[in-house]
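Every value quoted in this text rests on a predicted model; they were computed, and no experiment measured them.
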Amino acid sequence: MTTTEVDLKTYVETLAKNALHASRSLATLSGKARNDALLAMARVMREQGGRIVEANGKDLAAARQNKLTDAMIDRLTLDEARVDKMARAVEEVAAQPDPVGETISAYNTPSGLRVEKRRVPIGVVAIIYESRPNVTSDAASLCIKSGNAVIL
């Protein structure tokens, strides 16, 4: 392995360990706390919309320099309206019913034992994607809502 490969491996391992630690905290948060975090996320996205668009300009310059297609550049492009749409999508996720702890089915055995199938966080979700900034906020908000950590 090269030094760069070792550095990358160490980075990914550290990222995964941190995500696992975070997932344990997220799994124990109340639905209200997760919703509050999502609403704060949407608020900050709006408040920092100009800075997000400015940083996106650097991504667009790099995309053009790397000769990405016009279609890829369009998917990558953010403006204030797109940032606002992303924030609204986060708010829509927050408005959904809390899935954590929801009983899907339940029954009593002949011996009197109650058996329930419940929705629980799975831990850490990893998502690989390209050129779609809205996927970042969509994936993050869905994972927070369901009590999972995410590596994007």
How close do [X] and [Y] get, heavy atom to heavy atom, and via which atoms?
X	Y	result
S146	P99	CA-CG, 4.2 Å
A139	L152	CB-CD2, 3.7 Å
S137	M45	CB-CE, 3.9 Å
V150	C143	CB-SG, 3.7 Å
G147	L26	O-CB, 3.6 Å
E80	V53	N-CG2, 3.8 Å

Answer yes or no: is there a side-chain heavy-atom contact under 4.5 Å between [X] and [Y]?
X	Y	value
V120	V100	no
L76	R132	no
I127	I151	no
M86	L78	yes
E91	R46	yes
S105	E116	no
I73	L60	yes

With rounding to the nearest 0.5 Å, note down the distance linking [atom1] in [X] to [atom2] in [Y].
X	Y	atom1	atom2	answer
K117	I104	NZ	CD1	6.0 Å
E130	L68	CD	CG	8.0 Å
T103	R118	OG1	CZ	4.0 Å
I52	R82	CD1	CZ	14.0 Å
L29	I144	CG	CD1	10.0 Å

Counting heavy atoms not belonging to R51, are there more than 12 under 6.0 Å from its CZ? no
Report, as yes or no, whether the 6.0 Å neighbourhood of atom CG on D74 holds more than 12 heavy atoms from other residues, nucleotides or ligands. yes
Short side-chain to backbone donor-acceptor contact, [X] and [Y], under 3.5 Å:
X	Y	value
N66	A62	yes
R34	K145	yes
N56	T77	no
N148	I122	yes

Determine whether V135 and V125 fall in the same hydrophobic cluster, where Ile, Leu, Val, Met, Phe, Trp and Tyr are linked whenever their side-chain heavy atoms lie under 4.5 Å apart. yes
Taking L8 as the starting point, is it possible to reach L15 by hopping between hydrophobic residues whose side chains are less than 4.5 Å apart? yes
Under a 4.0 Å N-O cut-off, is there an ion pair linking E13 with K17? no
Between R88 and E92, is there a salt bridge with N-O shorter than 4.0 Å? no
